[in-house]
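Numbers restart at 1 for each chain; the letters A, B, ... are given by sequence-line order, proteins then strands. Predicted model, so just to flag it, every value in this text is computed and none were measured.
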Amino acid sequence: MTMDYKKTLNLPNTEFPMKGNLAQREPERLKKWNEANLYQKIRETFAGRPQFILHDGPPYANGEIHIGHAVNKVLKDFIVKSKTLSGFDAPYVPGWDCHGLPIELMVEKKIGKAGVKVSPAVFRKACREYAGKQVDIQKEAFIRLGILGDWHNPYLTMDFAFEANIVRSLGKINQKGHITAGAKPVHWCTDCGSALAEAEVEYEDKHSPAIDVRFQVVDEAAFMALCHHAPDYEGRGPLSVVIWTTTPWTLPANQGVALNPELEYVVVQCESERLVVAEALLKDAMLRYDIEHYHVIGYCKGDAWEHQLLQHPFYDRQVPIILGDHVTTDAGTGAVHTAPGHGQDDYVVGQKYGLPVDNPVGADGVFLANTELFAGEHVFTANAHVLAVLESKKKLVHHEAILHSYPHCWRHKTPIIFRATAQWFISMNKNKLREQALDAVKQVEWIPDWGQARIESMLEGRPDWCISRQRTWGVPITFFIHKETRELHPRTPELIEEVAKRIEEKGIEAWFELEKEELLGAEAADYEKMTDTLDVWFDSGVTHACVLEQREQLRSPADLYLEGSDQHRGWFQSSLLASTAMNDVAPYKAVLTHGFTVDKNGEKMSKSKGNVIPPQSVMKNLGADVLRLWIASTDYRSEMRVSDEILERTSDGYRRLRNTARFLLSSINDFNPAVDLVETQDLLALDRWILDRAYALQEEVKTAYETYQFQHIYQKVHHFCVIDLGGFYLDIIKDRQYTAKADGLARRSAQTAMYHVVEALTRWLAPIISYTADEIWQYIPGERSESVFLETWYEGLVKFDEDAVMNREFWQKIMSVRTAISKELEKSRSKGDIGSSLNAELELYCNVEFFDVLNQLSDELRFIFITSQAAVFAEQLAPVEAIQTEVEGLKLVVTISEHKKCVRCWHQRADVGQHEDHEELCARCVENVSGSGEQRHYA
RNA sequence: AGUCUCUUAGCUCAGCUGGUUAGAGCGCUACACUGAUAAUGUAGAGGUCUCCGGUUCAAAUCCGGGAGGGACUACCA
C-alpha cells in the first residue's frame, strides 16, 4: 500500500554520479576536450571581444613538474577561464625556457662534454632533443591538470623563429645604446684556459700562504683627525692599515682596501709604528705578529675613513678605503685587500666605487708582459716572489701557511683562480636604463603591493647585467668585433638582421657554422666572430618581443604576468629591463606573485626532508580537481601549506560541492526550461529568495575573480551550498518537490529556481574545478553549448525588488527564528520526545515585529520549520510553559503531534484518513494525488 | 649575515579606516533521518588572535622589539 503512494512522489533522480572517481573520469573528459578542439572553439567564440593577455612565464625545460609548477599554472588557468567568463578574449599560450646550463649538464652525463667527447654541433643537437623531450613530459602533466591553452602551438625559446628574434632583440638593445663590453671575474681554470661554470667547480683543501700586509696611510693627519683619540697624542712611526690575504698574487691587481662600515677599528701604537686593525681582531693579530707591547691610541668606526687613500705596498699607486658589508671579523684584520679583477665580492664593491677592473693575468695564468715585477710568472709560483718583494719593501707584517677550502677545476683537479675576462653587459647607467626601468615600475600594478618596493630596491642596487656566457647550448651573441680596437662592426644592425634570417632557417647552428667571410668579405680578417652565448635570462626576458609581439592574437604590454615571488629577481626583472631597453616601457601592466608551497609546519619542501607532495600523486589519488580546489582555497600571496590532512579537508569540501550539484540536478531531472520555466513574477516567495541570494553571491564571486582572491570564492560558494542550500532552501523545498503535483506551479517554481542556481553555480566553479563543472554542465537540462567554457556569467539570477515585502531582511528574520526553533527541537529530540521534526507541532508566541513577519507566511509556516504544524500567536497569550528562545520576542511551545502520520508526505495531520479512497493520506496529499494539486504561495 | 615577507580555533579562510562576550565552513563529538543514503539535517565542544613592550578611555587591528617560517642576496679576501 505504502509503496503505491511512493510511486506518486517525485523523488530525485539523476545519472550524475555521487562519487567523482576523478582519477579515472578526468582523463576521459580531457580526451573529449582535445577531440572537440575546445581551446580553438573558445578562441573562435570569443574572437573580437576585448582582450585579456596573461603572458606565461616559461618554466625551465628540465625534469618532472613539482607542485609549485602546478600552483603557478593552475592560478593562471583560474584567471584565463574567469576572464573568459567575464566576456574577454583571453588566449593562453604556454611556453618553455629551453637553453642553458642545467640542460647541458644533463646532456653531458649522457654523451660527454662539448668540445671534448663530442663536437659542439653534435652536443647542441643532443641538447635540443633533450629539451624537446622534457617539454613533452611537462606539457602532458600541465594538460592533465586541466589547464586550457594552446598546447599544440606553445612557444619554445629554442624555436628557430624565437632564437632569431632573441638575436634581433639583442640588436635592438644594442642600437638603443645599452650594450657595453667590460670585464668581470669568473672562475677560471688556467689549465683549461677557460671559464668554468659554478657546477664545474669543486672545493678541496689547499695550502696557501696567509700574509698580513701594510698599506701605509697617505695623509696621516687627516686620517688621525677622523678617529677618536686623546688630543695631541697622535703616536709615532709610520701609520698603516693591515690587510690579510691568502692570495698574495692578487696584490698586483689591488685597487682598494675594504672596511666594514659598522665595525669598530683601532689605531695601535707598536714599538716603532702604528697599525690599524678591527678592534675585535686586535688580540688575534698581535698574537700572530708576536707583538707583546702595544697600546690602542685611537678608535674609529669603519665608515669614517671612507675614501681615505692608502699607498699600494709595491706599486706607485694610491688606493682608496672603501666600505663593504662583506667584510667580517671571522679571520684576518677586518681590512680586506680588494682586487676587482680577482674576486666576486671585490668586483661588486669595486663597481660601486668605480674602481678599475684590473686584470694583469693571461688565460694561461701567467702575468702579462706589461706587469711590473712579475711579468711572465705563473700566479701560483709568483706567490713567493710577491712575498719577497713585500719583505724587501718592509711591507710584510706576518706570513704563515694555512690549509683552507679552495675551488678546484673538476677536470684537472687543480686550483682555479678568479680572473676578469671580457664580457658583454647591458649597462644600467650608460643610457639611463636604471632610471627608465624605475620609472616603468611605477606604471605597473604590483599585487601584492610590496612587490613594487621589492623590485625597486633590486633595481636600485643591481650591477650591470652580464649577458654573456662561455657556454655551448645557448643563443650566440652574434657580434663581430674588431681585433685591434675591440669595437663592434659599424654595420652591426644590418649584420644582425642577416644572421637572424639565417637562424630563422636553421636555428642557432647557423651562427656557429657561419664563416665570417660570408658576411664580412674582405674585412673578415680584421674581425673576430664572438662565440659567447647569451645568459638564458635574456631568452626569457625578451618573450614580450618574441611571443607577444609576434603572435597575431597577442600583444605587448601584456595585462598580467603571474609567477612565484622569486621572479622579482628573475623573470619580472629580466623582462622589465629588456623591454625597457627596447621600448622604454614595461612589458606588463600588472604583476601578480604567489608564494611557495610549504609543508604542514610551514617548512619548505625538499626531497631530503621527505615532505614533498608530487602533483602527479595527488591527481592519481584525489584527482586534478581536488588539487585545483586546494589551490583555490589557499591564500597564495604568502606560503601555501599542503599536507595529506589539508588535501583530505579539500577533498571533503569537493564532495560537498559535488553533492550539492548532484542534488540540484536530480531535482530538475524532469524539468525542461523551454516549457516548464516559471516567470519570475510567478515564482513562490522562497524561490525568489534563493535567486536573490544567488544573485548577490554571483556579484561577490565576480569581484573575487576580478581581484584574484580565489580563496573567497571557495569559502563563499561552499558556504552557500552548505548553509543557504543544504541547511535551508533545499531542506524546505524537498516537501514541495516530492509531494506536490509534478507539473504544478508549486513544484515548477522550485525547479525553476534550482535550474537557475545550477546554471550559475556551474559557471562559478568552472575556472576552479573545471572537470567537474564541465561534467555538471552536461547534465543540466535544456539546450546548451558544448562546454561551460564557451559561456559567460549566467544572467538568469534575479535581484529582489528593494521595496518587496518579502525582501532580504524579511528572510533574514525567518532564518534567525528557524535557527532558534532548531535548538529547541533538538532539546526535545535529545529527551526522546521526537525524532523527525515532523513529529512536532509548534506554537510561536511573538512580539509585534515577529508576529507580522511570521504571519505573512500564514499556514505555510510549518514548511519552513519542517514541522507538522506551526501556529503564530501574540506574545501576551504565551502560557507559562512557553520557552523563551534565543531570539528576543519569541517564545515557543513544542508539542508532540498526536495526529496520524500521512504515509505519503509524513506530516502528522488531523486530516489524515478523511478521504475514503485514501485512508492513509492527508488532505493535501489527496489533492496532489487525485485532485488538481495544492496551491502554494510562499514555501 | 642583510633585504623583503608571513604568523587569527585540529584544517582552510573572514575580520574595512582600532569600539559591545573574536566570526565562517570543514573536521571532531552527540543526536536525528533513512524519500540527496559510502549522502543529508540539527546541536555541541574547540581560540591567552606567535610572544613582549608601548600609544589609547579602548588593539587581532596602530608603533617598537623578539621568536619561528618563507623568498631573495651574500657566502669569504
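Between A:Tyr561 and A:Phe572, the two ring planes are tilted [angle within 30° to 60°]. Ring orientation note: the planes of A:Trp764 and A:Phe720 are nearly perpendicular, at an angle over 60° on the 30°/60° scale.
Base engagement by A:Trp244 is indicated by at least one non-hydrogen atom pair under 4.0 Å involving a base atom. Here A:His568 lies out of heavy-atom contact (under 4.0 Å) with every strand. Contact annotation for A:Leu9: base contact, defined as any heavy-atom pair under 4.0 Å involving a base atom. As judged by a 4.0 angstrom heavy-atom cut-off over every strand, A:Thr247 is placed among residues touching the sugar-phosphate backbone only. Residue A:Gly653 is classed as having no contact, given no heavy-atom separation below 4.0 Å to the nucleic acid. If you check every strand for non-hydrogen atoms under 4.0 Å, A:Glu603 touches sugar and phosphate atoms only. Nucleic acid contact class of A:Thr245 (heavy atoms, under 4.0 Å, all strands): sugar-phosphate only. Within 4.0 Å of A:Asn659, counting heavy atoms only, lies at least one base atom of the nucleic acid. Using a 4.0 Å heavy-atom cutoff across all strands shown, A:Trp630 reaches no nucleic acid atom at all. When heavy atoms are screened at a 4.0 angstrom cut-off, A:Arg454 is found touching base atoms of the nucleic acid.
For B:G69, its base sits under 3.5 Å from the side chain of A:Glu639 at one donor and acceptor pair at least. Under 3.5 Å, the side chain of A:Arg655 and the base of B:A39 form no donor-acceptor pair of N or O atoms.
The side chain of A:Arg637 places no N or O atom within less than 4.0 Å of a non-bridging phosphate oxygen (OP1 or OP2) of B:A71. Under 4.0 angstrom from either OP1 or OP2 of B:C13 there lies at least one side-chain N or O belonging to A:Thr634. Taking only side-chain nitrogens and oxygens, A:Lys734 comes nearer than 4.0 Å to OP1 or OP2 of B:A36. In terms of phosphate contacts, A:Lys6 brings a side-chain nitrogen or oxygen within less than 4.0 Å of OP1 or OP2 of B:G35.
Out of B:G10, B:C33, B:A38, the shortest distance to the side chain of A:Met18 is found at B:A38. Distance from the side chain of A:Ile723 is smallest for B:G25 among the nucleotides B:C13, B:G27, B:G25. Checking B:A71, B:U37, B:G10 against the side-chain heavy atoms of A:Glu645 singles out B:G10 as nearest. Here B:G35 is the nucleotide among B:G35, B:A71, B:U73 with the atom lying nearest to any side-chain atom of A:Thr739. Closest contact between the side chain of A:Gln715 and the listed nucleotides B:C11, B:G35, B:C13 involves B:C13.
Annotated as anti: B:G10, whose O4'-C1'-N torsion sits more than 90° from 0.
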- request: Any chance you could list the contact pattern along nucleotides 42-49 of chain B? Use B for base contacts, S for sugar-phosphate-only contacts and - for none, protein heavy atoms under 4.0 Å, 5' to 3'.
  value: BSS-----
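The existence of a salt bridge linking A:Glu886 and A:Lys823 is confirmed by a sub-4.0 Å separation between a basic side-chain nitrogen and an acidic carboxylate oxygen. Salt bridge status for A:Arg569 with A:Asp566: absent, with no side-chain N to carboxylate O gap under 4.0 Å. Remark: A:Asp735 engages A:Arg924 in a salt bridge, criterion side-chain N to carboxylate O under 4.0 Å. A salt bridge links A:Asp670 with A:Arg747: the closest approach of a Lys/Arg side-chain nitrogen to an acidic carboxylate oxygen falls below 4.0 angstrom.
Taking atom C1' on both nucleotides, B:U42 is separated from B:A59 by 37 Å, rounded to a whole Å. Straight-line distance between the P atoms of B:U3 and B:G46: roughly 43 Å, to the nearest whole Å. Nucleotides B:A39 and B:G44 are separated by 24 Å at their P atoms, to the nearest Å. Comparing the P positions of B:U73 and B:C57 gives an interatomic distance of 47 Å, to the nearest angstrom. Only the C1' atoms considered, B:U8 is 23 Å distant from B:C4, to the nearest whole Å.
Atom-to-atom, CH2 of A:Trp450 to P of B:A71 comes out at 12 Å; the value is rounded to the nearest Å. Note: CZ (A:Arg656) to C1' (B:U12) measures 17 Å, nearest angstrom. The OH atom of A:Tyr738 sits 6 Å away from the C1' atom of B:A36 (whole-angstrom rounding). At whole-Å resolution of the value, CG in A:Leu730 and C1' in B:U40 are 10 Å apart. Per the geometry, CZ belonging to A:Arg462 stands 24 Å off P belonging to B:G2, to the nearest Å. Atom CE in A:Met605 sits about 12 Å away from atom P in B:A71, given to the nearest Å. Rounding to whole angstrom units, NZ of residue A:Lys7 and P of B:G35 are separated by 16 Å. Atom pair A:Leu838:CG and B:U34:P shows a separation of 10 Å (rounding to whole Å applied).
Across every non-hydrogen atom of A:Val887 and A:Ala820, the tightest pair is CG2-CB, 3.7 Å.
Within 6.0 Å of NZ in A:Lys741 there are more than 12 heavy atoms belonging to other residues, nucleotides or ligands.
Atoms CD and OG, from A:Gln567 and A:Ser575 in turn, are 9.0 Å apart once rounded to the nearest 0.5 Å.
Comparing A:Ser666 and A:His337, the nucleotide of RNA chain B nearest to each residue sits closer to the 5' end for A:Ser666. Along RNA chain B, the nucleotide nearest to A:Lys19 and the one nearest to A:Cys905 differ in position, and the one closer to the 5' end is contacted by A:Cys905.
Between the side chain of A:Arg641 and the backbone N or O of A:Lys600, at least one donor-acceptor pair lies under 3.5 Å.
Listed by first and then second residue, the salt bridge (Lys or Arg N to Asp or Glu O under 4.0 Å) pairs that reach into residues 651-662 of chain A are A:Glu648-A:Arg655, A:Arg649-A:Asp652, A:Asp652-A:Arg655, A:Arg658-A:Glu775, sequence neighbours excluded.
Under the Watson-Crick and G-U wobble criteria, each requiring two contacts below 3.5 Å, nucleotide B:A14 is left unpaired.
Here A:Tyr714 does not lie in a stacked arrangement on the base of B:G25, lacking the combination of planes under 30° and ring centres under 5.5 Å apart.
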